[in-house]
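Here is the structure we will look at.
Lettering follows sequence order; numbering is per chain, from 1.
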There are 2 protein chains.
Amino acid sequence: MSTAAARHQRLHAELRERICLLDYPPGTKLSEEALAAEFGTSRTPLRRVLARLEDEGLVESRHGIGTLVTDVDMALMTQVYDLRLHLSALVGQLDPLPVTPAVMAEIRDFVSRGEALLAAPDPRAFAALNSAYHGFGLSLTGSAPLRETAARLYYLTARIWLTSIPRMNLRSECAIFLGEMRETETALDAGDTAAAALIRRAHISMSVRRMSR
Amino acid sequence: MSTAAARHQRLHAELRERICLLDYPPGTKLSEEALAAEFGTSRTPLRRVLARLEDEGLVESRHGIGTLVTDVDMALMTQVYDLRLHLSALVGQLDPLPVTPAVMAEIRDFVSRGEALLAAPDPRAFAALNSAYHGFGLSLTGSAPLRETAARLYYLTARIWLTSIPRMNLRSECAIFLGEMRETETALDAGDTAAAALIRRAHISMSVRRMSR
DNA sequence: ACAGCCAGAGTTGTGCACAACTGTCTAGCT
DNA sequence: AGCTAGACAGTTGTGCACAACTCTGGCTGT
């Protein structure tokens, strides 16, 4: 059981990352056969992964044509962001977990990685760190449904930042990101998970503002 | 394209309803072969439907054992309800749609169906009407992500009511339900979608209270 | 010259046979 | 009698061959 399910999770996470990091830009045609060969399986298990990605809105399979990476519809993404905004604040309200030493070690690690990023700004490294930091933020709530829901919506919007960064100031974004993590470290140091969630919400909101200019 | 996707949707909705109406109680072993035969297809398309239901947390497939309907974990359901509570209120905040004559016709129809239900109380009819009414409530927002997210969580918790009703007063529940729909009719008549959403939230909250006694 | 059609390549969807796995029951040994 | 090992039935997971479908390119008839 574990091997099949584990592989499914692995392939799903891998393809999702490739899509969200724009290794597969919107419109890319994913070949079931090529991917199956790359991962050393047949089409059957791979098709289940693609079906899941389709349910999540990241790809779209058309009979006789191919499986295409969906494009980023701004009207839809605005709605997703509005929803994410509210959900991110809920992390501090729905079963917020106590701030353990392990959590503090994590946020400190994120701060140092943020400092490294600011020293050597890079879009892809930013996106990867942002994704990991998002997962950390969700780990502050004990509500599994909230975590899963927020994650699902996050991956829907994750591509927007990378498509917007050419029109933005990368170094400035890195500095703002590092600032957010430092603020969060302060909030968590005071044991205030709710405050950390509100900081997250505020920065998501401001990030959307900067991107949509 | 349409035929394959349409059948997938149809089978998915059908099996989901059977699970949520307890035609398949928790623990039921679903036979891929039997279901495929019933719907006149092979196991392959059916397995995609079951995979989706598994992603949604309604069934669980175990290699060599079978595909089992998940049981209702109260700790998890409490978390889902907490989240649903907040989401239901968002219907009135995120892109609330104007109240059209068609909407008023719908709510009036729901009120009359509620009156019929109160005249002849029946658990299964209640559950079915409740499901339809939930869909109507979501149709009041223009935010597709909110609709899909709320629906997903709704189906996770839909089975709780039917399992709790033996310990409750069916006729009283029908009366309360009818009352909610009448209140909502008043709110919508005033064009106040946000008020309708708050009424929904209040009744979900109270319903949970009554069930958990 | 142009319109329509047909054949072909390439892709996803389906069905089937078999592999992999689990739980049970029975036969045989101690 | 009790226990263990092995065969067996039943289930999901995988691989493969083929069906169904779409687009492209060129060919043919007018």
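Counting heavy atoms from C-beta on, the side chains of B:P25 and B:V69 never come closer than 4.5 Å.
Judged by distance alone, with hydrogens and angles left aside, the side-chain atoms of A:H203 form a donor-acceptor pair with the main-chain N or O of A:I199 at under 3.5 Å. A:T141 contributes no side-chain N or O that, together with a main-chain N or O of A:L138, makes up a donor-acceptor pair within less than 3.5 Å. Put simply, the side chain of A:T193 never gets that close to the backbone of A:G92: no donor and acceptor are under 3.5 Å apart. Side-chain atoms of B:S61 never come within 3.5 Å of backbone atoms of B:T67 as a donor-acceptor pair (strictly under, hydrogens ignored).
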Scan nucleotides 7-11 of chain D against the protein and return all N/O pairs shorter than 3.5 Å with their distances rounded to 0.1 Å.
residue	atom	partner	partner atom	Å
D:dG10	N2	B:G64	O	3.0

Using nucleotides 4-6 of chain C, report all nitrogen or oxygen pairs with the protein that are shorter than 3.5 Å.
none

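Applying the salt bridge (charged side-chain N to carboxylate O under 4.0 Å, His left out) test to pairs two or more places apart or on separate chains, none has a residue in residues 143-162 of chain A.
Annotation: ring pair (Phe, Tyr, Trp, His ring centres under 6.0 Å) contacts of B:F126 (sequence neighbours excluded): B:W161, B:F177. Judged as a side chain to side chain contact (heavy atoms under 4.5 Å, CB included), and not counting sequence neighbours, the contacts of A:N169 are A:R171, A:S172. The salt bridge (charged side-chain N to carboxylate O under 4.0 Å, His left out) search around B:D23 returns B:R124, not counting sequence neighbours. Remark: B:E32 pairs with B:R43, B:R47 by the salt bridge (charged side-chain N to carboxylate O under 4.0 Å, His left out) rule, at least two apart or across chains. A search for salt bridge (charged side-chain N to carboxylate O under 4.0 Å, His left out) contacts involving B:R48 returns A:E54, not counting sequence neighbours.
With D:dT14, C:dG15, C:dG13 as the candidates, the nucleotide lying closest to the side chain of A:A4 is D:dT14.
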Please list, one pair per line, the donor and acceptor atoms closer than 3.5 Å that link side chains of residues 127-136 of chain B to other protein atoms, with sequence neighbours excluded.
residue	atom	partner	partner atom	Å
B:Y133	OH	B:T184	OG1	3.0

Which donor-acceptor pairs under 3.5 Å do the side chains of residues 11-18 of chain B make with protein atoms, sequence neighbours left out?
residue	atom	partner	partner atom	Å
B:H12	NE2	B:E56	OE1	3.4
B:H12	NE2	B:E56	OE2	3.4
B:E14	OE2	B:R18	NE	2.8
B:E14	OE2	B:R18	NH2	3.2
B:R16	NH2	B:Y155	OH	3.4
B:R18	NH1	B:Y24	OH	2.7
B:R18	NH1	B:E38	OE1	3.4
B:R18	NH1	B:E38	OE2	3.3
B:R18	NH2	B:E38	OE2	2.7

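Distance B:R43 CZ to C:dT14 C1': 13 Å, rounded to the nearest Å. Between the CZ atom of B:F39 and the P atom of C:dT14 there is a distance of 15 Å, given to the nearest Å.
The stretch residues 8-20 of chain A has no heavy atom under 4.0 Å from DNA chain D, so no residue of it qualifies as close. Within a heavy-atom distance below 4.0 Å of DNA chain C, the residues of residues 44-52 of chain B found are B:T44, B:P45.
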